[in-house]
Amino acid sequence: MEHIYKQYPSDDEPTIQDFHLEIQDKEFLVILGPSGSGKTTTLRMMAGLEEISDGTLWFDDRVMNHVEPKDRNIAMVFPNYALYPHMTVYENIAFGLKMKKVDVGEINQRVHDVAKMLDMESYLDLSPKSLSDGQHQRVALGRAIVREPELFLLDEPLSNLGETLRVHMRTELKKLHQRLGITTIYATHDQTEAMTLGDRVVVMKNGVIQQVATPDELYHHPANLFVARLIGSPTMNVVDGILLEEDGLLFFVMEGVRWGIPTEKANLLREKGYLGRSVILGIRPESLHDEREPSGQSNVFTAEVEMIENTGSQMFLYLKGAGLFSMAARVKARSEYRLGSQLTLSVNMDQVYIFDKETEEAVV
């Protein structure tokens, strides 16, 4: 994808702006973003279902901008499965091969091979109306796989499934990719899908790439505040404050708190000219520690417990600080946590993120 733009005549701004990315052979790439970020439009341009307004789409050394969808050797799976209700499962899977006039014997072999791979052999003679949502999705995947494409495009394929089935199908998709080795591009708004499936993840906002990185890099080194808050659950805690220097030490200061900045971070902030400036501080929930579990940290604050989510082995505490700021903390499950109780917590300042107040780009 070489500086791709998509501009609709009715829109003032391009839907996709300067999408520039090389996708590796056999890679599982996930495009992650909220509704309206341009995920589906990007996939549809790859598929040839949307015209590219500017830029160049390459498959290997071939320009594809004006190649018909049927000649691109791709397979696309949509959120709504789009199965033919009057056809059996076998006929649905075989449909694309029949259109290409593939030999009947080869069609039969390939359909049965794919059905076995997807554990759908016993359903081949049934109609779609007798299948569950998960089985519908398997048939849609089977119809794509049987064509043996060079590229899979998956547009929110699990969005209509329940949580348990989504988790199961994520595992199955990853296994299928490892088995087939077909380059796969997967669009989703679900960060869990992105983090568990993607070799790399493209984070998009308003048609613009925010960051391209491995899931681990996205979590630990977000490029900006949007990425930082999109990745992680509960979302990253964010508070505004100012960086002040006292006696050669740098502090993050806001109402009710004064937290020391570690030396390495402080030196970088000095070099970048952030002394005395307002910044945004980002804190992951796991970087907050209940002082009943000594952490060796000195940057403390008190807060009231407003809500508790108990997941069994751990709890998420939603807190209101003395300066009226809100925080979420991930702690070990304890029976003594109560709504309205006061806690003293420390912040691991080695693990915090600092963002520019105006640009929201990561500083350190």
Side-chain angles (χ1 to χ4, degrees), residues 23-29 43-51 57-158 160-161 168-169 171-187 197:
I23 298 160
Q24 303 301 317
D25 186 37
K26 299 181 181 179
E27 183 174 19
F28 198 122
L29 182 91
L43 258 60
R44 289 176 65 84
M45 285 192 291
M46 293 179 186
L49 303 176
E50 290 281 359
E51 185 179 341
L57 172 66
W58 299 82
F59 285 5
D60 295 326
D61 58 355
R62 185 184 179 197
V63 176
M64 304 298 289
N65 289 47
H66 303 295
V67 175
E68 289 296 317
K70 63 183 177 61
D71 298 323
R72 296 192 181 201
N73 197 18
I74 64 163
M76 190 165 180
V77 178
F78 300 91
N80 60 359
Y81 320 137
L83 303 182
Y84 297 110
H86 61 286
M87 295 184 183
T88 64
V89 169
Y90 180 100
E91 290 167 336
N92 266 280
I93 295 175
F95 183 76
L97 299 180
K98 287 183 177 179
M99 291 298 99
K100 287 189 171 185
K101 296 182 169 52
V102 175
D103 177 76
V104 173
E106 184 179 348
I107 290 175
N108 190 58
Q109 183 64 52
R110 282 163 68 171
V111 169
H112 278 89
D113 286 347
V114 166
K116 183 176 182 181
M117 186 188 303
L118 296 170
D119 196 24
M120 291 292 291
E121 285 181 292
S122 60
Y123 299 90
L124 289 175
D125 294 329
L126 300 181
S127 67
K129 67 181 180 182
S130 61
L131 303 180
S132 67
D133 284 344
Q135 289 163 342
H136 277 140
Q137 190 56 275
R138 286 174 187 269
V139 177
L141 286 169
R143 192 169 55 186
I145 293 166
V146 79
R147 294 170 53 193
E148 299 177 357
E150 293 181 64
L151 178 65
F152 277 141
L153 302 176
L154 306 178
D155 185 14
E156 306 248 17
L158 309 183
N160 291 322
L161 304 182
H168 176 69
M169 287 302 296
T171 303
E172 292 302 308
L173 279 172
K174 196 67 175 176
K175 286 179 182 176
L176 273 175
H177 179 257
Q178 290 167 350
R179 188 183 308 170
L180 298 170
I182 296 173
T183 307
T184 300
I185 304 171
Y186 185 107
L197 287 172

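- Of the charged side-chain nitrogens involved, at least one lies within less than 4.0 Å of a carboxylate oxygen, so that Glu148 and Arg110 count as a salt-bridged pair.
- The minimum heavy-atom distance linking Leu43 with Leu153 is given by the pair O-CD1, 3.6 Å.
- The two residues Ile185 and Met46 make their nearest non-hydrogen contact at CD1-SD, 3.4 Å.
- Inter-residue side-chain proximity for Leu124 and Val111 is flagged as met; some heavy-atom pair is nearer than 4.5 Å.
- Side chain of Asn65 to main chain of Leu57: a donor-acceptor pair is present (N/O by atom type, distance under 3.5 Å, no hydrogens or angles).
- Nearest heavy atom pair, residue Pro149 against residue Ala144, reads CD-O, 3.4 Å.
- Taken to the nearest 0.5 Å, the CD1 atom of Ile93 stands 9.5 Å off from the NE2 atom of His112.
- Judged purely by atom type and a 3.5 angstrom limit, Gln109 has no side-chain atom pairing as donor or acceptor with the backbone of Glu106.
- A distance-only check finds a donor-acceptor pair linking the side chain of Thr183 to the backbone of Lys26 [under 3.5 Å].
- Not one N or O on the side chain of Asn92 forms a donor-acceptor pair closer than 3.5 Å with the backbone of Leu83.
- Using a 4.5 Å heavy-atom cutoff, the side chains of Arg62 and Val67 are in contact.
- Looking at Pro85 and Lys129, their side chains never come closer than 4.5 Å, going by heavy atoms from C-beta outward.
- When all heavy atoms of Arg72 and Met64 are compared, the pair lying nearest together is NH2-O, 2.8 Å.
- Tyr84 and Glu91 share no donor-acceptor pair across their side chains, judged by distance under 3.5 Å alone.
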### Task
Apply side chain to side chain contact (heavy atoms under 4.5 Å, CB included) to Leu141 and Leu154, showing your working.
CA-CA 9 Å; Leu141 286 169; Leu154 306 178; 4.2 Å; yes

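- Judged by distance alone, the side chain of Asp103 and the main-chain N or O of Gly105 form a donor-acceptor pair under 3.5 Å.
- Expressed to the nearest 0.5 Å, how far CG of Leu176 lies from CD1 of Ile145 amounts to 4.5 Å.
- When atom types are taken as modelled, the side chain of Arg147 and the backbone of Leu97 share no donor-acceptor pair closer than 3.5 angstrom.
- Residues Ile74 and Phe59 form a side-chain contact, since some pair of their non-hydrogen atoms from C-beta on lies under 4.5 Å apart.
- Between the side chains of Tyr186 and Asp155, no donor-acceptor pair of N or O atoms lies under 3.5 Å.
- Glu51 CD: 12 or fewer foreign heavy atoms inside a 6.0 Å radius.
- With contacts defined as side-chain heavy-atom distances shorter than 4.5 Å, the pair Val139/Tyr123 does not qualify.
- Counting non-hydrogen atoms of neighbouring residues, nucleotides and ligands closer than 6.0 angstrom, the CG atom of Asp71 exceeds 12 such neighbours.
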### Query
Could you walk me through whether Asp113 and Met117 pass the side chain to side chain contact (heavy atoms under 4.5 Å, CB included) check?
CA-CA 6 Å; Asp113 286 347; Met117 186 188 303; 5.9 Å; no

### Query
Please walk me through it: do Leu173 and Phe152 pass side chain to side chain contact (heavy atoms under 4.5 Å, CB included)?
CA-CA 11 Å; Leu173 279 172; Phe152 277 141; over 6 Å; no

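- When all heavy atoms of Met76 and Ala47 are compared, the pair lying nearest together is SD-CB, 3.9 Å.
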### Task
Please assess Arg138 against Glu172 for the test side chain to side chain contact (heavy atoms under 4.5 Å, CB included), listing each intermediate value before the final yes or no.
CA-CA 10 Å; Arg138 286 174 187 269; Glu172 292 302 308; 4.0 Å; yes

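- A donor-acceptor pair under 3.5 Å is formed between the side chain of Thr184 and the backbone N or O of Ile182.
- Within the 4.5 Å cutoff, no side-chain heavy atoms of Phe95 are placed close to those of Val146.
- More than 12 heavy atoms of other shown residues, nucleotides or ligands fall within 6.0 angstrom of atom CG in Asn108.
- Taking every heavy atom of both residues into account, Leu49 and Pro69 meet most closely at CD2-CG, 4.2 Å.
- Atom NZ of residue Lys174 and atom CZ of residue Phe28 lie 6.0 Å apart, to the nearest 0.5 angstrom.
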